[in-house]
Amino acid sequence: MATMKNNLTDSEHFYSSWTITKLMAFFFLLISISYLFYSLGFVTHSYDDCDKNHYLPITNLSDNALLPSEETHKLVIPFEQTNITHIVFGIGASAKLWNHRKEYIKLWWRPNETRGNVWLDQEVKNEPGDEYLLPTLKISSDTSKFKYKHPHGNRSGIRISRIVSETVRLGMENVRWFVMGDDDTVFVTENLVKVLQKYDHNQFYYIGGSSESHFQNIHFSYNMAYGGGGFAISYPLAVALERMQDRCIQRYPTLYGSDDRIQACMAELGVPLTKEKGFHQFDVYGNVFGLLAAHPVTPLVSLHHLDILEPIFPNMTQIQALQRLKGPMKLDSYGLMQQSICYEKNRAWTISVSWGYVVQIFRGIFLPRDIEMPARTFFNWYRRADYTGFPFNTRPFSRNVCQKPFVFYLSNAIYNEVADEIVSQYVRVNPNPNCKWKMADPAQIQMVEVRKKPIPHMWDKSPRRNCCRVQATKGEGTLVIEVGECREDEVVE
């Protein structure tokens, strides 16, 4: 009996060991198969993730549609980059000023391309043909139910603040951005598109610029986009604003205008201002030459307050001056107003090129950190304030006759197809006072010719000023300058 008991025990032990071995083998096989499927899935998802910036899945397929291998593959379509047709403009205007202000809109509006509306306080009569050159005219809805208690403002600020919400209610299709502006604002639409391409229109974005007056920013807010300079609101944020704006406006009856009401509602939505320096409110008086000749390294998006500023080109009306700017704007909007600094070392001259606008020649050598600061050719919005009232660095416009720049304004710009370059010419309009310095006199220069190749990917890279180089010329009366991307190891020194 004892022997049989031991045999049974050995047999049971054998079968038990064999069972455990089979279980372990099955377990490892299961793990291997699972890992294989996981690896295949990881590769598929990694491929999708890598391409998610370039492709979007099709979401409007029928529920009954049968796709080949749809368990492991997605049908994708190319992602369309933001373009001008994705933007809807809302322009605030008044019937009283319409006949004059509409000429500013005609300068930048592109029939059959741009989309949007002008929102007026009452009906106006347009001249024959204007309907093809201007946005659709609409009358803002009644705002008498909203309280307004600011002692020095105008309740039209309530009407204008609701333009985005009223535009959302129109139900326009394929909209990514709503852009606000005034009827005395000129947009550079190509540059506006380039700026907005940097941002995901599916997210909440509130994009614009601050005032050129420190006191304006203190009085209103550094977190506010100034409406005259224009600002952009992404589609989902505009929808969220529309749902709550009327309730929001009722909470701020003491605010002054439209843009501070927009910012107040943005604060309630928790969305900060994303600042872009190319939106120009121009809360200044006088001549904005200094600001434009030393434009920041960013695309020029908008110009505002054109009625109260001197024309940007001398001896012209403001409309005529802006018409002249359209030439280089069409040839290379990305390079418009972009500053370059170089030296004519043989004659000890400092040269500043604001492409498409102006060239300045200074006697002597000035450092780039000084030339890139705007010269104070303009006055503060608050006339009692001096240069400390600007929220950016400025430099004085020299009173020494020998240090005054020789200023050459744009006269013409053409594209040379053979050389694949833009040739722009600049001439001196006003004479300079006599100088007794014993050095080369820029008065001998009658014209400056600037040669520049278009740079289509200029703003797809990290920001950097273009470089300029003085070229050898046969004639004494013409200075030829090449402008372009800086070469390797090229330094302005």
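Because the structure is a prediction, the values reported are computed rather than measured.
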State, with a plain yes or no, whether a side-chain heavy atom of V88 is found less than 4.5 Å away from one of T167. yes

Q339 side chain vs A294 backbone, donor-acceptor pair below 3.5 Å: no

Determine, step by step, whether N191 and S333 satisfy the side chain to side chain donor-acceptor pair (under 3.5 Å) criterion, reporting the C-alpha distance in whole Å, the side-chain angles of both residues, the deciding distance to 0.1 Å, and the verdict. CA-CA 7 Å; N191 291 350; S333 67; 3.3 Å; yes

Do I87 and T189 have side chains that get closer than 4.5 Å, going by heavy atoms? no

Any side-chain donor-acceptor pair under 3.5 Å between N466 and S340? no

If I take atom CG from residue N380 and atom CZ from residue F390, how far apart are they, to the nearest 0.5 angstrom? 4.5 Å

If you draw a 6.0 Å radius around NZ in K96, do more than 12 non-hydrogen atoms from other residues or ligands fall strictly inside? no

Could you list the residues that satisfy ring-ring contact (aromatic ring centres under 6.0 Å, His included) with H100, not counting sequence neighbours? Y104

For side chain to side chain donor-acceptor pair (under 3.5 Å), just list the numbers for N217 and Y226, CA-CA rounded to whole Å, side-chain angles, deciding distance to a tenth of an Å, and then say yes or no. CA-CA 9 Å; N217 291 322; Y226 280 70; 3.3 Å; yes

Exercise: identify the closest heavy-atom pair between L300 and M337: CD2-CG, 3.6 Å

For the backbone of A93 and the side chain of W98, can you confirm whether one donor and one acceptor N or O come within less than 3.5 Å of each other? no

When you measure from the side chain of Y426 to the backbone of N412, do you find a donor-acceptor pair of N or O atoms at a distance under 3.5 Å? no

Show the numbers, then the answer: is there a side chain to side chain donor-acceptor pair (under 3.5 Å) between Y415 and D420? CA-CA 7 Å; Y415 176 64; D420 184 29; 2.5 Å; yes

Quick check against the 3.5 Å criterion: does T82 have a side-chain atom that pairs as donor or acceptor with the backbone of Q197? no

Can you confirm whether N430 sits close enough to V407 that some side-chain heavy atom of one is under 4.5 Å from a side-chain heavy atom of the other? no

Distance-only side-chain donor-acceptor flag, S210 / K275, under 3.5 Å: yes

Using only atom types and a distance under 3.5 Å, with no angle test, would you say the side chain of N83 pairs donor to acceptor with the backbone of T85? yes

Checking the side chain of R395 only, and the main-chain atoms of M373 only, is there a donor and an acceptor separated by less than 3.5 Å? yes

Given F289 and F378, is the side chain to side chain contact (heavy atoms under 4.5 Å, CB included) satisfied, shown in steps? CA-CA 8 Å; F289 170 88; F378 46 89; over 6 Å; no

I'd like to know whether K102 forms a side chain to side chain contact (heavy atoms under 4.5 Å, CB included) with N126, so could you lay out the CA-CA distance, the side-chain angles of the two residues, the decisive distance to 0.1 Å, and finally the verdict. CA-CA 10 Å; K102 67 182 180 182; N126 268 334; 3.9 Å; yes

Tell me, with the steps shown, if M180 and I163 meet side chain to side chain contact (heavy atoms under 4.5 Å, CB included). CA-CA 8 Å; M180 276 287 299; I163 285 177; 3.5 Å; yes

Near E417 CD, under 6.0 Å, is it more than 12 heavy atoms from other residues, nucleotides or ligands? no

Which atom pair, heavy atoms only, marks the closest approach of E212 to P391? O-CD, 3.1 Å

Is there any ring-ring contact (aromatic ring centres under 6.0 Å, His included) pair reaching into residues 148-176, and which pairs are they, with sequence neighbours excluded? H150-Y256

Close side-chain approach of I105 to P135, heavy-atom, < 4.5 Å: yes

Among residues at least two apart in sequence or on other chains, which ones pass side-chain hydrogen bond (donor to acceptor under 3.5 Å, both in side chains) with Q360? none

List in chain and number order the residues that pass side chain to side chain contact (heavy atoms under 4.5 Å, CB included) with K277, two or more places apart in sequence or in another chain; answer none if no residue qualifies. P296, T298

Ring centroids only, cut at 6.0 angstrom: are H305 and W381 within range, meaning strictly under it? yes

Considering all heavy atoms of both residues, which atom of A293 and which atom of S352 are nearest to each other, and what is their separation? O-OG, 4.1 Å

Here's one to test your reading of the geometry: is the NZ or CZ of R155 within 45 degrees of the ring axis of F146 and under 6.0 Å from its centre? no

With rounding to the nearest 0.5 angstrom, report the OG to CG distance, S140 to D142. 10.5 Å

Backbone N or O of R376 within a donor-acceptor pair of the T394 side chain at under 3.5 Å? no

Quick check on R451: does its CZ atom have over 12 non-hydrogen neighbours (other residues, nucleotides or ligands) under 6.0 Å away? no

Which label fits F187 and F89: parallel for a plane angle under 30°, tilted from 30 to 60°, or perpendicular past 60°? tilted

SG(C342) to SG(C467) below 2.5 Å: no

Within 6.0 angstrom of Y387 OH, more than 12 heavy atoms from elsewhere: no

Would you find a donor on one side and an acceptor on the other, under 3.5 Å apart, between the side chain of D121 and the backbone of A95? yes

Do K461 and E485 sit within salt-bridge range, that is, some charged N less than 4.0 Å from a carboxylate O? yes

Any side chain to side chain donor-acceptor pair (under 3.5 Å) pairs touching residues 233-243, not counting sequence neighbours? R169-E242

Is there side-chain contact between L410 and S424, with at least one heavy-atom pair below 4.5 Å? yes

Distance only, no hydrogens: is a donor on one side chain within 3.5 Å (strictly under) of an acceptor on the other, for D283 and S213? no

Reported NE2-to-CZ distance for the pair H86 and R176, which is rounded to 0.5 angstrom: 4.0 Å

Please identify each residue that fulfils side-chain hydrogen bond (donor to acceptor under 3.5 Å, both in side chains) with E372, with sequence neighbours left out. R465

Ion pair present between E190 and R110, side-chain N to carboxylate O less than 4.0 angstrom? yes

Counting N and O atoms only, with roles assigned by atom type, does the side chain of Q318 sit under 3.5 Å from a partner on the main chain of I312, one being a donor and the other an acceptor? yes

Working for side chain to side chain contact (heavy atoms under 4.5 Å, CB included), residues D332 and K453: CA-CA 9 Å; D332 185 10; K453 290 185 181 295; over 6 Å; no

Between the side chains of T143 and R162, does any donor sit under 3.5 Å from an acceptor? no

Just say parallel, tilted or perpendicular for the rings of W177 and Y205, cut-offs at 30° and 60°. tilted

Can you find a pair of side-chain heavy atoms, one from F220 and one from L255, that are under 4.5 Å apart? no

Is it the case that more than 12 heavy atoms not belonging to K330 sit under 6.0 Å from its NZ atom? no

Please indicate whether E123 has more than 12 foreign heavy atoms, meaning atoms of other residues, nucleotides or ligands, lying under 6.0 Å from its CD. no

Are R101 and D307 close enough for a salt bridge, meaning some N to O gap below 4.0 Å? yes

Counting distance only, does the side-chain N/O of R383 pair as donor-acceptor with the main-chain N or O of Y285 below 3.5 Å? no

Between K194 and D460, does the salt bridge (Lys or Arg N to Asp or Glu O under 4.0 Å) criterion hold? Intermediate values first, please. CA-CA 9 Å; K194 177 55 67 174; D460 297 327; 3.2 Å; yes

